[in-house]
Structure formats: structure tokens, C-alpha cells
2 protein chains.
Amino acid sequence: MKKKSIKDIAQDLGVSKTTVSFVLNKKGDEKNISKKTQKMILDYIKKVGYQPNQIAKSLKNGTTNTIGYLVPDISNPFYAKIGRTIEDLLWEKGYHLIIGSTDEKKEKEERLLNMFLNRQVDGLIIASCFIKGEVLKSLSEHNFPMVFFDREDPGCLANYILVENKTPMKEAIQKTIDKGAKKIGLLSITPDVYSLKLRIDGYKQALLDNGLEYDQNLLRIVDHNRIKESAQKELKYLIEAGVEVVVFTNNQITATAIWLMNMLYPEKVKEITFVSFDNLDIFDYSMPKVISIAQPIDSIAKQSVEILAEVIKSKKIKNTRIELKPKLIVR
Amino acid sequence: MKKKSIKDIAQDLGVSKTTVSFVLNKKGDEKNISKKTQKMILDYIKKVGYQPNQIAKSLKNGTTNTIGYLVPDISNPFYAKIGRTIEDLLWEKGYHLIIGSTDEKKEKEERLLNMFLNRQVDGLIIASCFIKGEVLKSLSEHNFPMVFFDREDPGCLANYILVENKTPMKEAIQKTIDKGAKKIGLLSITPDVYSLKLRIDGYKQALLDNGLEYDQNLLRIVDHNRIKESAQKELKYLIEAGVEVVVFTNNQITATAIWLMNMLYPEKVKEITFVSFDNLDIFDYSMPKVISIAQPIDSIAKQSVEILAEVIKSKKIKNTRIELKPKLIVR
DNA sequence: CTGAAAGCGCTAACAT
DNA sequence: ATGTTAGCGCTTTCAG
């Protein structure tokens, strides 16, 4: 009882492979296959539980109905949620997902990218640090269907699904200044990513707009290879410097800092306010209070899928840049 | 500058496809290809950036180096973390992951399973509700390489990577009883999953061991299709019934309940203790206090990959049942 | 209305 | 030491 192929079916039924293939692909009527033959084939298919070999199909068609999803870390809730939503949306269009986590490492990213390409994925959805890397650049030049989200390189023309960074960050911080904050620190992971730079710009702008001095020492960078230890050190610096507000450039670092505050400075959690780019459910009740900038996860996923599908379908060059508005959540 | 195939390479270089194929597969020496030819081919390969077409390879070899990862929801941190770890471990062995989220829906699960099979995955790593479903059963009978984790059906022989359920749950609850708790409620999602049943058994056992009455009304079931609303209703019931402790059977429901407590009953968060199967970082500082049972994520991932690789390699029937010990975290 | 046959890119047994 | 060729399972043109 090994797996039947089209050939087996045809033989068993005494018809040709062609006929079976046509019926399977619902081209029976179009190709004038008699109702009787069609029914016979369909019944037999069902009976033996025939499943077409997609690999063979792919080889023939040159299309795999597979999309690569390349992100820094699929276990980061932001990427996991978006991945999940994309999975569902793509499923409706007949695609499914291969995933890859890069850990923000250039060589891992290139290796995964090559793996995806060897696997003949039909398209890519990417949140990458290295948009300028060789592989991506060459893909871009060859007009391979891709959409980037979360991060951009303004030097590269491509399809981007982004959210506004600078202004929302500025406005979120403004809320704390309105309440009297004067000493505001910032914690970010290594900002070799343009979006993070913009978020930091928003921070600087907020200070500037309010005539507050920008103190470079209050802008602390956390090593993303050892987040916990590094964040602990940098947070300590800020606390001891007496900041009233700490600003974070993404959810991962905020979550870590909340944990650290509660573990190490429980007596201070009521005095300090956090501002976080990215939102998490726990911010609704965790201490310190968090003013957060919630990215529109569903829209990001939806737009990414939409644009990608469009590009794949049209085979045309397209450089869309969509900038979505995040939502400010004041707590 | 379209993509080169082996054929193109062979033509360009004036050798045969075979020679190129052998060199590519590092069989050059074994097959007595002259060093000179080998070098020539390798140099050319590098120059034109040749990438083998894995689809063609797969069709030929009947193996795709792809593993399907089937879970209820890839955006659940538990499955996301395990997925991430599995991704890394499999990568080392030359495999990569296709993902599918079932939403605990039987038909979605079967559709995804069929998709995986059409795609000729070499194996499956599954956390499923429907181990007894048609497709899985037939796969099992045909000895398809699979390993199940997180959930089991004791009626089905298969490879299982599990954690102890009953005893740890009992012991966790015992801690609260030791501190004087008398009225203990439980909140669970629909427990059509055997592991959840065992966790509930642990709850009952804890009561029994301590001569506490088992009140069926304090065992509340949450509809997993609308967790938030349903949990709110059931939690309210327990609170109003005056429980001192609430037990949860998985992280998702605990996280929701913590959120609800903080939103709706902030004045009560200090009086109540939670017991949670599954751990989350936030439990370290969130209120109510949570005594949690932490599943050994890394071991689960590692064992799953190990067993799967073994089964794929050996082509032998194997029914391993590994039961890992979770870690009790008292807070 | 149905069938034969070519070919997608790759591997490997079998020539030479 | 290297080339010829069949074939993996499928689609699709062209011929009956």
C-alpha cells in the first residue's frame, strides 16, 4: 500500500496520465473529458486517498506556493504574532510558510536566504538588518518578490511595510514631559537598524522641543547578544543617574527592563515611568507604568501579504512604501 | 543572467552533467575526477554563483530535508520558544521547518497535515489534539517519522516527549495548602487533551491528600474560542465564591487571568495565589503571586529533534515515551 | 474525447 | 577519468 502516483491511477483505471491530470486539476470539462470518466477517476482518487506530489508539481511549474519568513527571532512575540497572522492570510491564498530566525547575524541571514532560494520559495517576507547584504541586493536587482517590514534601508528601493517611528516616539515622550519629567534616559539594542535610529531621533526631538538638554550619557546601548546582563548594567546606570523616565526602542528590551526593575529595584517601580516602542499585554498592569506605542500587527501582516501577492502575480517591478500609524497607549 | 542549472554549467565547461554533479556532491575524489577538472568546476560554480535546485533534488531523492511543525498556535510563547529551539537544532542537521497552526481545530489540523505530506516533509513534530484523527493514525500505521510533544493519547503507540503532569501539579498545589489554603479553584481550557486531564487529576489528588472537599463548581472550563470573555466570566465566579487559590492548566489561561485580575480586581491581587502549569517570565514579578511549573523547553526541543532524527535515519519502528521533569517555581 | 511524449533539474547505474 | 541515459511525478502541447 505505498503511495499512488498519477501513473498508477492511470494504469489501474486503464486511462492515460493526461486524462487523470486534467480531471485532478478540474480541467475535465474544459478538456471535454466525459462525465463518466471524470466520475470514475474522482471516485478512485478518493478511494485510494491519492495525494498529489507537490514537489513534482513544483519542479514542473517552477512555483512552490511557499513563502519564506525571515525575522530576527520567531520567538519574539512581535514576530511570532505577525508570523501567525501572515500564516493564516497566506493560507487563504494557497501559500504556506517556511521560517528562519537570523539572530541579527549577517551570515545566518545569508545562509537562510540561500536556503530559501534553493527551496525555490515564491516570495519572501523579511524583517532584516542587512538589506544591503549581497544576496538581498542581488535579489532586489533581479526583481524577486519580496516585502520588508519593521525595518528599512532608505538607500534601497523595495517594498516596505513600516510604521511611523520618529513622531510617535516624540509624542509618547511628550506625555511624560507634560507630567513634569525632566530627566529622561533611553535604552536601546544596537541601533544598526534604521527604524531604531528614527525612534532615537524621536527621543532627541522630544527633548529639543521642550528645551531639555540632551545628555549623551543617558542614551545607553544594550548588547543584543547578552541582553539580560547588558540591560542590567545600563539600567543601573540610568537609575543611579536619577532618571524619571526610561525610553525603550522595542518590546524585548522593555520586557527585560520591567523584569529587572521588579527584581532589583522594587522600591522604585512607582517613581519611574517607562516609554516603550511596541506594546505588550503585560503593560496593562505591570509596574513601572508604561506608555507604549502599539504597532498595528494585523495591518502589518495584512499589507505585507497583500503587496507580496500582488508582486508575485503581476511580475512587475514595484516599490511600495507603506507607513502605518501606530497607536499611542497612555497608562 | 538567469539561473544556471547543472546542464548549463556542464555545457559552458564542455564536460558532462554527471561530472558536475559528482563534483558538487563532493564525490569528485571517490569517482576519480581529475583534480584539474574539479577545480575548474568549483571555480566556475563560485563565479556564477550557482545554487542547486533543491526541488529537483528532492524529487529525485525522495527526501526534502524539511520537517513540519504542527502546533495549536505558533504565537503562543510556549510553542514559539520550542519552535525556535527546534529550528536551530534541526538546522544543524540540515533540516528546516515548515510551520502550521491548528487553532485546536480538527479540520485545520488535517488540512495542514495533508499539506505537509504533499510537500513531502521528511518528518513531523506535533503537538496535537487529534492524535486519533484519520490522517495521523494512518501515518502512524505506515510508520511515518513523527514525534509528539506536549500532548499524548495513551491509546496510541507513538513517540512522545512529555512532561510529568499529575504529580507536579499536585505538589505545586500542596505548597499553597501548606500555607493554609482551603478553598482552591481551577480554570482550564477545554480539556479534551489528555495532559490537561492529568493536570486536573493532580488538582483533585492534592485536595484528596489533604482531606479537602472537591467541589465540582470550583472547576471551571474556559471556551478556547473566546478565551478572554469566557475566562472573565469563570474567574468572576471563582472570586465571588471566595477562593484563596486559583489553579491554571496552561500559560495562556494564566496570563489572561493575571491580566483580568489586575484590570478587574486590583484590590484582590494580594489576597489570592495562582498556581500555573507552564511558566512565563512575568510570573517573576506579576501579581497575584504565581507558583508555577516550568516545562523544560530546551529539553523538550532537544529530545524531539533527537528522536525524530533517529527515526528518520533508522527507518525503524520506534515507540519512545520520554517523560521529562518540570521544575517547580515557588514565589 | 483521449493518449503519447517531452521536459522541469537533478542523481546514479551503467557504459565507454 | 568522463559521458550517456533513465527516471523521480507532474503538466501540457500536439496528435490522433
Side-chain angles (χ1 to χ4, degrees), chain A residues 2-42 44-45 48-66 94 114 117-122, chain B residues 2-42 44-45 48-66 94 114 117-122:
Chain A
K2 57 174 187 214
K3 261 196 232 162
K4 299 258 181 200
S5 72
I6 277 202
K7 196 175 144 197
D8 299 323
I9 308 269
Q11 264 169 10
D12 293 353
L13 257 36
V15 298
S16 85
K17 290 195 302 174
T18 316
T19 311
V20 178
S21 174
F22 282 155
V23 173
L24 283 175
N25 294 303
K26 300 181 202 310
K27 292 190 183 156
D29 293 332
E30 185 186 325
K31 298 290 180 182
N32 290 319
I33 313 279
S34 72
K35 290 282 171 213
K36 206 177 113 200
T37 310
Q38 290 200 43
K39 185 165 178 343
M40 174 180 74
I41 293 175
L42 289 174
Y44 191 68
I45 291 306
V48 300
Y50 168 79
Q51 295 283 358
N53 181 328
Q54 289 293 342
I55 297 290
K57 228 172 186 165
S58 295
L59 180 59
K60 180 68 194 173
N61 299 341
T63 145
T64 55
N65 290 312
T66 303
N114 277 324
L117 296 176
N118 292 344
R119 249 80 197 185
Q120 316 295 119
V121 295
D122 293 340
Chain B
K2 56 179 189 208
K3 260 194 232 162
K4 299 257 181 201
S5 74
I6 279 202
K7 196 174 145 197
D8 299 324
I9 309 268
Q11 264 169 8
D12 293 354
L13 257 37
V15 298
S16 85
K17 290 195 303 174
T18 316
T19 311
V20 179
S21 175
F22 281 155
V23 173
L24 283 176
N25 294 304
K26 300 180 201 311
K27 291 189 183 158
D29 292 333
E30 183 187 325
K31 298 290 178 181
N32 289 318
I33 312 279
S34 71
K35 289 283 173 215
K36 205 176 115 201
T37 311
Q38 290 201 43
K39 186 166 180 338
M40 174 179 74
I41 293 174
L42 290 174
Y44 192 67
I45 291 305
V48 300
Y50 168 78
Q51 294 285 357
N53 181 329
Q54 290 292 344
I55 297 290
K57 228 175 185 161
S58 294
L59 180 59
K60 178 70 194 168
N61 299 339
T63 145
T64 55
N65 289 313
T66 303
N114 277 324
L117 297 176
N118 293 345
R119 249 82 198 183
Q120 315 295 119
V121 295
D122 294 341

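Naming: A, B, ... by sequence-line order, numbering from 1 per chain.
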- Task: Walking along DNA chain D from 5' to 3', note the first and the last nucleotide with an atom under 4.0 Å from a heavy atom of chain A, and give both.
- Result: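 The contacted stretch runs from dG9(D) to dT13(D).
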- Query: Taking atom types as modelled and ignoring hydrogens, do the side chains of Thr19(A) and Ser16(A) form a donor-acceptor contact shorter than 3.5 angstrom?
  - Reply: yes
- Side-chain donor-acceptor contact under 3.5 Å, Ser21(A) with Thr18(A):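 No, because no side-chain N or O of Ser21(A) sits under 3.5 Å from a partner of the opposite role on Thr18(A).
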If only atom types and distance count, is the side chain of [X] paired as donor or acceptor with the main-chain N or O of [Y] below 3.5 Å?
{"X": "Asn118(A)", "Y": "Gln54(B)", "value": "no"}
{"X": "Asn61(A)", "Y": "Thr63(A)", "value": "no"}
{"X": "Asp122(B)", "Y": "Thr64(B)", "value": "yes"}

- Message: Between Thr37(A) and dT2(C), is there a contact of a side-chain N or O with OP1 or OP2 at under 4.0 Å?
- Response: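 Thr37(A) to dT2(C) OP1/OP2: side-chain N or O found under 4.0 Å.
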- Task: Using a cut-off of strictly less than 4.0 Å, decide whether Thr19(A) has a side-chain nitrogen or oxygen near OP1 or OP2 of dG3(C).
- Result: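 Affirmative; the distance criterion is met.
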- How large an angle, rounded to 10°, do the end axes of the helix from dC1(C)-dG16(D) to dT16(C)-dA1(D) enclose when each is built from five base pairs? 50°
- Mind checking what makes salt bridge (Lys or Arg N to Asp or Glu O under 4.0 Å) contact with Lys39(B), not counting sequence neighbours? Asp43(B)
- Output all residues satisfying salt bridge (Lys or Arg N to Asp or Glu O under 4.0 Å) with Lys35(B), sequence neighbours left out; order by chain, then residue number.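 For Lys35(B), the residues satisfying salt bridge (Lys or Arg N to Asp or Glu O under 4.0 Å) (neighbours in sequence not counted) are Asp29(B).
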- Of all residues at least two apart in sequence or in a different chain, which pass the side chain to side chain donor-acceptor pair (under 3.5 Å) check with Ser58(B)?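 Ser58(B) satisfies side chain to side chain donor-acceptor pair (under 3.5 Å) with no other residue.
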- Kindly indicate whether the side chain of Ile45(A), heavy atoms from C-beta on, has any atom under 4.5 Å from the side chain of Ile9(A).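 They are in side-chain contact.
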- Query: Can you tell if the side chain of Val23(A) reaches within under 4.5 Å of the side chain of Thr37(A), non-hydrogen atoms only?
  - Reply: no
- Task: Sugar-phosphate means primed atoms, P, OP1 and OP2; the rest is base. With that split, encode nucleotides 8-16 of chain C 5' to 3' as B, S or - using protein heavy atoms under 4.0 Å.
- Result: BBBBBB---
